[in-house]
Amino acid sequence: MVLFDYNFKRYNFRVILYMLALSFIGILAIWSATNQDKAMISKQIVGIVAGILLMVVFSLIDYHKLLPLSPVAYIGCVAILGAVLLFGKSKGIATRWIELPVIGRIQPSEFVKIGLIVFFSWYFQKYQEKINRVPIVAAAALLSAVPILLIIEQPNLSTALVTTVIILAMVFTAGISYKWILGVVAAMVPCGAMFFYLLKQGMIPFIEEYQANRILTWLNPASDAAGYYQQENSIMAIGSGQLFGKGLSTTEIASVKNGNFIIEGQTDFIFAIIGEELGFVGALVVIGLFLILVLECLFMAYRAKDLSGKLLCTGMATLFAFQGFANIAVATGLFPNTGLPLPFVSYGVSSLISLYIGMGFVINVGLQRRLNT
């Protein structure tokens, strides 16, 4: 009896090397950003090891056997997001974490992103012949709205935005008609103008005051110099690294880390630490690894033998591309401050484990690619 009927020559070890390289760079940057906090480094390493083990497990299980269970996974995603609002742990004004027996504190929204990628891969595969019918599109919109609104309630607008972008990319990949796409684009222009008008008036109910201030300050930094302080220092830090950086764990008092010019250097602004201490070359290596990882996911999507496999790969590619770009864009002033972690690099065990699980699905899709590719 064959336990795993796969041709393991197709097992994509390259993507594992790219993920490990990003995780290793993350450990170095976190070590420096936290002034050698051994407890945080230990947790990050535990997250990497646990993530790799789970990735291997999911990479060896036929995704066709798991996808029929995705409606249960969807219900679980909604349930745990609801539990966060009812019983969650808070940090500041945000309630995004929950304590689980034995496991400890986790951030469910990180796992929900993967759960929704799996669920909509099943959903659009199931209804691929009816993808352009109004009931199917409306049901997809409603199914998306429930977890996204629960994430917004935490409040966690940035993760809700990432989740929305992922689902939209999957809808596009599923083959929705350009009539729908053009209709949405046409509606976005007046809606976008109305959004910014209402934002200035403080009349958008699902956006907290601090979130509105971040967006408005980004649009006009001169209006609130204190609000733009973090990003301005981040930009200066990246520029000060020049070509090869100041070196890991630099002792220069003028560095953003040692001068306490930015907060959350191990998470939101970890790219500023990389830019300052590893320079342009180090920053370019990180961006290059993300680009290669995204291209690998898209290449496996191209070779997938069915739509569900293609959607799994596309969803993960979008997650890496958009969230990675958003984190770097915040550090370089291209986006308002969002609070999104840099995948595999920023500190955060929930994020690490969820990403490795998602890539387990992608590797399994690659194991079962079309024979003529």
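Residues take their numbers from the sequence shown, with the count starting at 1.
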S.K.: Same cluster for Leu291 and Met359 if Ile/Leu/Val/Met/Phe/Trp/Tyr side chains link at under 4.5 Å?
M.R.: no

S.K.: Does any N or O in the side chain of Asn327 come within less than 3.5 Å of the main-chain N or O of Asp268, such that one atom is a donor and the other an acceptor?
M.R.: yes

S.K.: Restricting to non-hydrogen atoms, name the atom on Val330 and the atom on Pro336 that form the minimum distance, rounded to 0.1 Å.
M.R.: CG2-O, 3.2 Å

S.K.: For a side chain to side chain contact (heavy atoms under 4.5 Å, CB included) check, start with the C-alpha distance between Ile106 and Ile80, then their side-chain angles and the critical distance, and finish with the verdict.
M.R.: CA-CA 11 Å; Ile106 65 167; Ile80 197 166; 4.3 Å; yes

S.K.: Could you check Asp306 against Gln125 for side chain to side chain donor-acceptor pair (under 3.5 Å), going step by step and ending with a plain yes or no?
M.R.: CA-CA 8 Å; Asp306 55 23; Gln125 168 78 43; 5.5 Å; no

S.K.: Taking Gln44 for its side chain and Ile27 for its backbone only, find out whether a donor-acceptor pair lies under 3.5 Å.
M.R.: no

S.K.: Above 12 or not: heavy atoms from other molecules or residues under 6.0 Å from CZ of Phe280?
M.R.: no

S.K.: Does atom NZ of Lys310 have more than 12 heavy-atom neighbours from other groups under 6.0 Å away?
M.R.: no

S.K.: For a quick test of reading the model, state the closest non-hydrogen atom pair linking Leu67 to Ser121 and the distance between them.
M.R.: CD2-CB, 4.4 Å

S.K.: Which value, rounded to the nearest 0.5 Å, describes the distance between Met316 atom CE and Ile357 atom CD1?
M.R.: 10.0 Å

S.K.: Backbone N or O of Thr338 within a donor-acceptor pair of the Ser158 side chain at under 3.5 Å?
M.R.: yes

S.K.: What residue among Leu22, Leu17, Ile16 forms side chain to side chain contact (heavy atoms under 4.5 Å, CB included) with Met19?
M.R.: Ile16

S.K.: For residues Phe361 and Tyr63, establish whether the separation of their ring centroids is below 6.0 Å.
M.R.: no

S.K.: Identify the heavy atoms of Cys297 and Cys313 that sit nearest to each other, and give their distance.
M.R.: O-CB, 3.3 Å

S.K.: Does any donor atom in the side chain of Gln266 or Thr34 lie under 3.5 Å from an acceptor atom in the other side chain?
M.R.: no

S.K.: Test your reading of the model: is there a side-chain donor-acceptor pair from Arg369 to the backbone of Lys305, 3.5 Å cut-off?
M.R.: no

S.K.: In the structure I gave you, are the side-chain heavy atoms of Val281 and Leu243 within less than 4.5 Å of one another anywhere?
M.R.: yes

S.K.: Please round to the nearest 0.5 Å and tell me the distance separating atom CZ of Phe119 and atom OG of Ser144.
M.R.: 8.5 Å

S.K.: Taking the six-membered ring of Phe299, is NZ or CZ of Arg303 closer than 6.0 Å to its centre and within 45° of its axis?
M.R.: yes

S.K.: For Glu153, give me all partners under salt bridge (Lys or Arg N to Asp or Glu O under 4.0 Å), at least two apart in sequence or on another chain.
M.R.: none

S.K.: With no hydrogens and no angle check, is any side-chain donor or acceptor of Glu276 less than 3.5 Å from a backbone partner on Ala237?
M.R.: no

S.K.: Give the C-alpha distance, both sets of side-chain angles, the deciding distance and a yes or no for salt bridge (Lys or Arg N to Asp or Glu O under 4.0 Å) between Lys89 and Glu99.
M.R.: CA-CA 7 Å; Lys89 302 296 181 178; Glu99 291 280 352; 5.6 Å; no

S.K.: Roughly how far, to the nearest 0.5 Å, is the CE atom of Met170 from the OH atom of Tyr123?
M.R.: 12.5 Å

S.K.: Determine, using the 4.5 Å side-chain heavy-atom cutoff (strictly less than), whether Leu168 and Val112 are members of one ILVMFWY cluster.
M.R.: no

S.K.: I need the Leu295 CG to Met300 CE distance, nearest 0.5 Å.
M.R.: 11.0 Å

S.K.: Over all heavy atoms of both residues, which pair between Pro341 and Glu110 is shortest? Give the atoms and the distance, please.
M.R.: CG-OE2, 4.2 Å

S.K.: Judged by modelled atom types alone, do Tyr347 and Asp37 share a side-chain donor-acceptor pair under 3.5 Å?
M.R.: no

S.K.: So do the side chains of Tyr11 and Leu60 get within less than 4.5 Å of each other, counting heavy atoms only?
M.R.: yes

S.K.: Among Leu312, Ile167, Leu311, Thr163, exactly one meets side chain to side chain contact (heavy atoms under 4.5 Å, CB included) together with Ile117. Which residue is that?
M.R.: Leu312

S.K.: Please examine the side chains of Ile61 and Asn364, heavy atoms only from C-beta on, and report whether any two atoms are closer than 4.5 Å.
M.R.: no

S.K.: Please report the interatomic distance CD1(Ile273) to OG(Ser346), rounded to the nearest 0.5 Å.
M.R.: 10.5 Å

S.K.: Does Phe344 form a side chain to side chain contact (heavy atoms under 4.5 Å, CB included) with Leu293? I'd like the steps, not just the answer.
M.R.: CA-CA 12 Å; Phe344 296 112; Leu293 189 58; 3.9 Å; yes

S.K.: Among the clusters formed by ILVMFWY side chains lying less than 4.5 Å apart, do Trp97 and Leu81 turn up in the same one?
M.R.: no

S.K.: Measuring only between side-chain heavy atoms, which start at C-beta, is Arg10 closer than 4.5 Å to Gln368?
M.R.: no

S.K.: Given the rule in the side chain to side chain contact (heavy atoms under 4.5 Å, CB included) test, do Phe124 and Ile136 qualify, once you have shown the distances and angles that lead to the verdict?
M.R.: CA-CA 9 Å; Phe124 291 125; Ile136 301 301; 5.6 Å; no

S.K.: Phe24 and Ile52: same hydrophobic cluster, using ILVMFWY side-chain contacts below 4.5 Å?
M.R.: yes

S.K.: Kindly give the heavy-atom pair with the smallest separation between Ile98 and Ala83, and that separation in Å.
M.R.: CD1-CB, 3.7 Å

S.K.: Please check this pair: side chain of Ser351 against backbone of Gly348, looking for a donor-acceptor N/O pair closer than 3.5 Å.
M.R.: no

S.K.: For a 4.5 angstrom cut-off between non-hydrogen side-chain atoms, does Ile30 reach Thr267?
M.R.: no

S.K.: Pair Ser109, Arg96 - check side chain to side chain contact (heavy atoms under 4.5 Å, CB included), show working.
M.R.: CA-CA 8 Å; Ser109 59; Arg96 301 174 184 174; 5.5 Å; no

S.K.: I'd like to check Phe111 versus Ile353 (side-chain heavy atoms, cut-off strictly below 4.5 Å). Are they in contact?
M.R.: yes

S.K.: Strictly distance-based, threshold 3.5 Å: is any side-chain N or O of Gln231 a donor or acceptor partner for the main-chain N or O of Phe335?
M.R.: yes

S.K.: For the hydrophobic clusters of this structure (ILVMFWY residues joined by side-chain heavy atoms under 4.5 Å, transitively), does one cluster hold both Ile45 and Tyr356?
M.R.: yes

S.K.: Using ring centroids (six-membered ring only for Trp), state whether Phe290 and Tyr18 fall under 6.0 Å.
M.R.: no

S.K.: Do other residues, nucleotides or ligands put more than 12 heavy atoms under 6.0 Å from Arg105 CZ?
M.R.: yes

S.K.: How about Phe172 and Tyr178: do any of their side-chain heavy atoms sit closer than 4.5 Å?
M.R.: yes

S.K.: Using atom types as modelled and distance alone, determine if a side-chain donor or acceptor of Asn12 lies under 3.5 Å from a backbone N or O of Ile363.
M.R.: no

S.K.: Okay, side chain of Thr318, backbone of Ile166: is any donor-acceptor separation there less than 3.5 Å?
M.R.: no

S.K.: Looking at Phe8 and Leu367, what are the two nearest heavy atoms and their distance?
M.R.: CA-CD2, 4.3 Å

S.K.: Could you grab the distance from atom CD1 of Ile328 to atom OG of Ser234, nearest 0.5 Å is fine?
M.R.: 11.0 Å

S.K.: Could you check whether Phe271 and Phe269 have their ring centres less than 6.0 Å apart?
M.R.: no

S.K.: When you measure from the side chain of Asn132 to the backbone N and O of Ile176, does any donor-acceptor pair fall under 3.5 Å?
M.R.: no

